[in-house]
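Report on the following structure.
Since the structure is predicted, the reported quantities are computational estimates derived from the model, not experimental observations. So that the names make sense, note that chain A is the first sequence line, chain B the second, and so on, each numbered from 1.
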There are 2 protein chains.
Amino acid sequence: MALTQTAETRYTKPVLVAINKPFDDEDGLQALRSHPLFSELNGKDLQHLIHQSRRIRLGHHQLLYRQDMPAHHFFFVISGRLRLYRLDSSGIDRTLDSIAPGDCFAEVMIYADPPRYACYAEALKSSEVLMIPVKAYQDMLESNPKYAQAALRHYAKRAVSRFHDLEIMTVQNARDRLIRYLIDLLPNGAEEGGEVELPLPKCLVASRLAMQPETFSRILADLKANGLVRVNRSRLFISDPQRLIEISQ
Amino acid sequence: MALTQTAETRYTKPVLVAINKPFDDEDGLQALRSHPLFSELNGKDLQHLIHQSRRIRLGHHQLLYRQDMPAHHFFFVISGRLRLYRLDSSGIDRTLDSIAPGDCFAEVMIYADPPRYACYAEALKSSEVLMIPVKAYQDMLESNPKYAQAALRHYAKRAVSRFHDLEIMTVQNARDRLIRYLIDLLPNGAEEGGEVELPLPKCLVASRLAMQPETFSRILADLKANGLVRVNRSRLFISDPQRLIEISQ
DNA sequence: GGGAGTAATTGACCTAACTCAAAGTGTTTT
DNA sequence: AAAACACTTTGAGTTAGGTCAATTACTCCC
């Protein structure tokens with residue numbers, strides 16, 4: 001296995017470090033307020049929700065929760081970056097998503113029955129997340145049904161985006177999957193070129209795209225040799241996305 | 001391309017045949033009522049919604065909608081079976097989902113912005129669907145916010161299930177993807193054996209699992225030779241799912 | 001029941017991608 | 001500054017699975 005050590009062997013159980021610093025920095029609060037799940041909330045409801053939540057600091061590679069653990073909370077990323085992954089019976093570690101500041105994750109658990117995490121979540125670097133009790137959000141929604149519209153929009157969008165992820169994975173060859181992945185990272189899709197930053201280390205992007213790190217490296221080297229991307233560490237510059245699409249047939 | 005003709009070449013535009021038969025057969029109505037998106041509705045609201053909808057009959061292989069078409073409706077399957085797929089630039093047809101009676105599809109479009117279908121939908125055999133105006137459902141939800149809870153549960157469940165589909169597709173080898181797919185078809189998962197019916201023709205299951213029909217056929221022949229499944233047309237009998245999981249490493 | 005059309009299987013061959021191994025690069029620690 | 005570590009790249013050999021072609025099995029019509 002090329003992916004160094006797995007989280008499974010690194011930790012015996014998640015160790016969460018709540019920190020006392022209240023969640024009131026103006027930028028953090030602003031980020032929370034701009035998330036669809038919270039944007040409609042009035043000040044009082046939002047404060048009440050935050051009051052019931054805990055702020056958690058996670059170290060590099062620290063596990064937040066495990067697959068199949070009962071899910072009593074969902075999370076909002078204040079800073080850092082996390083990834084979601086699954087471990088199969090042979091211990092292979094498959095990355096499913098990466099999560100940036102301003103995103104929520106495990107929020108589908110609010111309505112899962114039984115509520116169990118569907119994957120592992122770990123910090124890719126030192127990060128801070130807001131740990132929100134599922135019940136608190138549920139109660140708030142029940143007493144203010146008008147908030148449900150925004151939540152519905154968010155959930156529907158999430159379902160569409162997962163559908164799109166699935167679509168990439170039905171592409172049979174590794175090069176075309178990588179190309180589609182890169183184009184999705186571009187702010188305007190295939191419309192115009194630009195620079196993208198890989199949201200994960202290359203070996204984890206490879207895992208996300210169901211290929212080996214070596215394959216990823218070779219494909220990228222090949223695209224580079226053909227002048228289709230310029231590579232600078234985890235920053236890629238794509239000048240002509242249309243040409244990339246053309247060669248992916 | 002092994003998948004015979006594509007829908008793209010078969011049709012120039014979807015031809016929808018609304019039929020006059022009102023949607024009031026007791027069993028059809030019962031099925032609708034048991035779907036989470038409608039189960040909470042009171043009789044009057046449900047009747048109003050049905051009144052604004054149209055009943056559509058689809059012939060074998062008939063296209064219902066195309067990818068990127070503006071989405072003004074979502075659908076409930078009354079009878080038959082449909083599949084969702086995408087077509088890429090080289091015309092390859094990739095199956096993403098199959099839909100059975102009692103299911104809804106394109107329902108995420110209720111909250112998409114802009115509302116455009118993310119894929120093609122076609123009937124796999126002669127089918128009937130209820131075509132529900134997105135706006136009608138939206139209006140109903142807005143005037144009855146209490147219905148939103150059930151909708152939220154449904155959307156969250158859908159997102160989880162797409163996540164799970166994605167997870168299967170990050171499994172790198174074709175045999176293990178097929179095994180996981182089969183186990184998911186079993187009513188009780190890996191808990192106990194049983195008979196499953198493939199929801200799609202074999203060549204489309206292959207496409208759903210990002211492999212060639214030939215590969216699908218060979219893997220199934222191999223599982224059969226090892227006594228892991230018994231195959232009878234599209235019905236498979238799996239006596240010991242645990243053994244299947246064991247060999248998939 | 002025969003013929004057309006479609007789906008599934010099987011064989012032979014080939015290539016994309018995996019595996020293993022080693023070396024290179026950048027980062028953190030002491 | 002060196003050592004330790006993590007990640008990435010490159011090379012060589014192997015294999016899973018794709019491709020092409022031919023055969024068989026179904027299904028639907030007439």
Give me each pair satisfying salt bridge (Lys or Arg N to Asp or Glu O under 4.0 Å) with a member in residues 172-181 of chain A, each pair once, sequence neighbours excluded. A/Glu167-A/Arg180
Salt bridge (Lys or Arg N to Asp or Glu O under 4.0 Å) pairs touching residues 237-249 of chain A, sequence neighbours excluded, are none
Distance check needed: [N] [atom2] versus [X] [atom1], whole Å only.
X: A/Asp222; N: D/dT9; atom1: CG; atom2: C1'; answer: 14 Å
X: B/Leu200; N: C/dA7; atom1: CG; atom2: P; answer: 12 Å
X: B/Phe216; N: C/dA7; atom1: CZ; atom2: P; answer: 14 Å
X: B/Leu220; N: D/dA25; atom1: CG; atom2: P; answer: 17 Å
X: B/Lys125; N: D/dT27; atom1: NZ; atom2: C1'; answer: 14 Å
X: A/Lys224; N: D/dT10; atom1: NZ; atom2: P; answer: 6 Å
X: B/Asp176; N: C/dC18; atom1: CG; atom2: P; answer: 14 Å
X: B/Leu223; N: C/dT9; atom1: CG; atom2: P; answer: 12 Å

Distances under 3.5 Å between nitrogen or oxygen atoms of protein and nucleotides 24-26 of chain C:
unit_1 : atom_1 : unit_2   : atom_2 : d
C/dG26 : O3'    : A/Arg233 : NH2    : 3.1

At under 4.0 Å between heavy atoms, which parts of nucleotides 10-17 of chain C does protein reach? Answer with one letter per nucleotide, 5' to 3': B base, S sugar-phosphate only, - none. BBB----S
In chain order, what residues pass the ring pair (Phe, Tyr, Trp, His ring centres under 6.0 Å) check against [X], with sequence neighbours excluded?
X: A/Tyr117; answer: A/Tyr65
X: B/Phe74; answer: B/Tyr137
X: B/Phe105; answer: B/Phe75

Relative orientation of the end axes in the helix from C/dG1-D/dC30 to C/dT30-D/dA1, expressed as an angle to the nearest 10° (five pairs per end): 40°
Verdict with reasoning, A/Asp68 to A/Arg86, per salt bridge (charged side-chain N to carboxylate O under 4.0 Å, His left out): CA-CA 10 Å; A/Asp68 301 324; A/Arg86 286 188 54 113; 5.5 Å; no
Would you mind writing out the side-chain donor-acceptor pairs for residues 185-204 of chain B within the sub-3.5 Å range, not counting sequence neighbours?
unit_1   : atom_1 : unit_2   : atom_2 : d
B/Asn188 : ND2    : B/Glu192 : OE2    : 2.6
B/Glu195 : OE1    : B/Arg235 : NE     : 3.1
B/Glu195 : OE1    : B/Arg235 : NH2    : 3.2
B/Glu197 : OE1    : B/Arg235 : NH1    : 2.4
B/Glu197 : OE2    : B/Ser234 : OG     : 2.7
B/Lys202 : NZ     : B/Arg233 : O      : 3.4

For [X], give me all partners under side-chain hydrogen bond (donor to acceptor under 3.5 Å, both in side chains), at least two apart in sequence or on another chain.
X: A/Thr170; value: B/Arg94
X: A/Arg208; value: none
X: A/Gln242; value: none

Pairing of A/Arg81 and A/Asp103 as salt bridge, 4.0 angstrom limit: no
